[in-house]
Amino acid sequence: MDVIKLESVNSTNSYSKLHIDDLVDGSVVYAIEQTSGRGRLNRSWVDLGKGNLFMSIVLKPSDKFDDIYSNLTQYLSVCLCRVLETYNIYPQIKWPNDVLINGKKIAGILSEAVMQGGGKCKGIILGIGVNLNAKQSDLDEIPDKIATSLNIEINQNVGLETFLTKLTDEFFKNYNEFLSEGFNSIKDEYLKRNCFLGRELDIQIFDKIENGLAKSVTDNGELVLLKNDKELVLTIGDIL
Ligand code: BT5
């Protein structure tokens, strides 16, 4: 596994996209400082100082895009939960891939496919930010979300490189199984950590809000929402 450490970068995802031709399948790019970290839909990811994880995994499974690549974020959320549990804390997953501790956001995942002419897929950039060593006063400044950090949850500092190695080992341990079986290979592990099923939810889908009872998750990782006796099957959205 190639691991590339950057002292400072705008975004590990942007860097990985820019250098995708030179990065081999399975490369891991991480940065000590990330100046313009990106979330989904033009949101940003806040750098809470040295010792936090900003990482992108570069994957080149095939030059044809397969639908299961969209579930890589859910696969990574399960891997992250397993690693966090080794610190004796109990994370939960909010569909599709938010990882929370006691309802507070500790990590964010951003997956981007890099396509080229002829519908060919050059690769998938799977980015993740995890708050490992943050100050409560900085967490309080994060817009729109209540956030936490591993050091605050376990009351001690966390080794960045140790955490990175645990997470990438966990990721690659079952990656080939995930590629052949898709979301189904992690469905049970995903569901046992969920905090959304059986609840009435408001879900933002671009500029629209749907609401209903979260009934189940399909074998493809979609959320089934029950609304006026009708089932809505959602592939994207943000639980509000
Ligand atoms: C995400 O977006 O949660 C995906 C974030 C992915 C960040 C990684 S870091 C390495 C790689 N390189 C990048 O440039 N990005 C990836 P989204 O679901 O859109 O959530 C964004 C929202 O999370 C923001 O609008 C804030 O409310 C909140 N947020 C921002 N920074 C945070 C932090 N450090 N901790 C907790 N919440 C945060």
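As the structure lists them, so they are numbered: ligands from 1, and atoms in each ligand from 1. Heavy atoms only: backbone and side chains are in, while hydrogens, waters and symmetry mates are out.
- Geometrically, ligand 1 and Gln34 share a nitrogen or oxygen pair separated by less than 3.5 Å.
- Considering both main-chain and side-chain atoms, Arg38 comes within under 3.5 Å of ligand 1 through a nitrogen or oxygen pair.
- In this structure, the side chain of Gln74 engages the main chain of Gly221 through a donor-acceptor pair within 3.5 Å.
- A salt bridge links Arg193 to Glu85: at least one charged side-chain nitrogen sits closer than 4.0 Å to a carboxylate oxygen.
- Distances from ligand 1 to the non-hydrogen atoms of Leu48 include at least one value under 4.0 Å.
- Of the candidates Ala107, Ala134, Gly39, Ser56, the one placing a heavy atom closest to atom 2 (O) of ligand 1 is Gly39.
- The backbone N or O of Lys60 sits less than 3.5 Å from a side-chain atom of Asp25, completing a donor-acceptor pair.
- Tyr175 and Phe172 have perpendicular rings, their planes meeting at more than 60° on a 0 to 90° scale where under 30° would count as parallel.
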Does Lys166 form a side-chain hydrogen bond (donor to acceptor under 3.5 Å, both in side chains) with Thr86? I'd like the steps, not just the answer. CA-CA 10 Å; Lys166 281 187 177 195; Thr86 67; 3.0 Å; yes
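- On a distance-only criterion, Lys105 and ligand 1 share at least one N/O pair closer than 3.5 Å.
- The heavy atom nearest to atom 5 (C) of ligand 1, out of those in Trp45, Tyr30, Tyr15, is found in Trp45.
- No side-chain N or O of Arg38 forms a donor-acceptor pair with one of Ser44 less than 3.5 Å apart.
- Those atoms of ligand 1 with a heavy atom of Arg40 less than 4.0 angstrom away are 2 (O), 17 (P), 18 (O), 19 (O).
- Of all the heavy atoms of Ile106, none lies under 4.0 Å from any atom of ligand 1, so neither backbone nor side chain is involved.
- Electrostatic pairing of Glu231 and Lys215 counts as a salt bridge here, judged by a charged N lying under 4.0 Å from a carboxylate O.
- Remark: ligand 1 atoms within the under-4.0 Å shell around heavy atoms of Pro143 are 26 (C), 27 (O).
- Look at Asp21 and Lys122 and you find a salt bridge, because one of the NZ, NE, NH1 or NH2 atoms lies within 4.0 Å of a carboxylate O, short of that distance.
- In this comparison of Glu141, Lys145, Arg43, the heavy atom closest to atom 17 (P) of ligand 1 sits on Arg43.
- Atom CG in Leu23 sits 11.0 Å away from atom CG in Leu59 (nearest 0.5 Å).
- The nearest heavy-atom contact from the protein to atom 29 (N) of ligand 1 is Ile142 CG2, 3.6 Å.
- On a distance-only criterion, Ser36 and ligand 1 share no N/O pair closer than 3.5 Å.
- Contact annotation for Ser14 and ligand 1: no heavy atom of the residue comes within less than 4.0 Å of the ligand.
- Atom numbering of ligand 1 starts at 1 in the shown order; those under 4.0 Å from a heavy atom of Thr12 are 10 (C), 11 (C), 12 (N).
- Close approach of ligand 1 to Asn131 (heavy-atom distance below 4.0 Å) involves ligand atoms 33 (C), 34 (N), 35 (N), 36 (C).
- Backbone and side-chain nitrogen or oxygen atoms of Leu53 are examined, and none is located within less than 3.5 angstrom of a nitrogen or oxygen of ligand 1.
- Those atoms of ligand 1 that come under 4.0 Å of a heavy atom in Met55, given as number and element, are 10 (C).
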The test is side-chain contact (heavy atoms from CB on, under 4.5 Å); show your working for Ile125 and Ile57 and say whether it passes. CA-CA 6 Å; Ile125 313 289; Ile57 305 175; over 6 Å; no
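- The existence of a salt bridge linking Asp238 and Arg40 is confirmed by a sub-4.0 Å separation between a basic side-chain nitrogen and an acidic carboxylate oxygen.
- Below 4.0 Å from some heavy atom of Ala147 lie the following atoms of ligand 1, by number and element: 36 (C).
- Here Glu189 does not pair with Lys187 in a salt bridge; the nearest charged N to carboxylate O distance is not below 4.0 Å.
- Among the atoms of Val46, some N or O lies under 3.5 angstrom from an N or O of ligand 1.
- Put simply, part of Ser44 is less than 4.0 Å from ligand 1, judged by heavy atoms.
- Between Asp144 and ligand 1, no N or O atom pair is found at a separation short of 3.5 Å.
- Residue Gly37 has at least one heavy-atom neighbour below 4.0 Å for each of these atoms of ligand 1: 14 (O).
- Looking at Phe171 and Tyr75, their side chains come closer than 4.5 Å, going by heavy atoms from C-beta outward.
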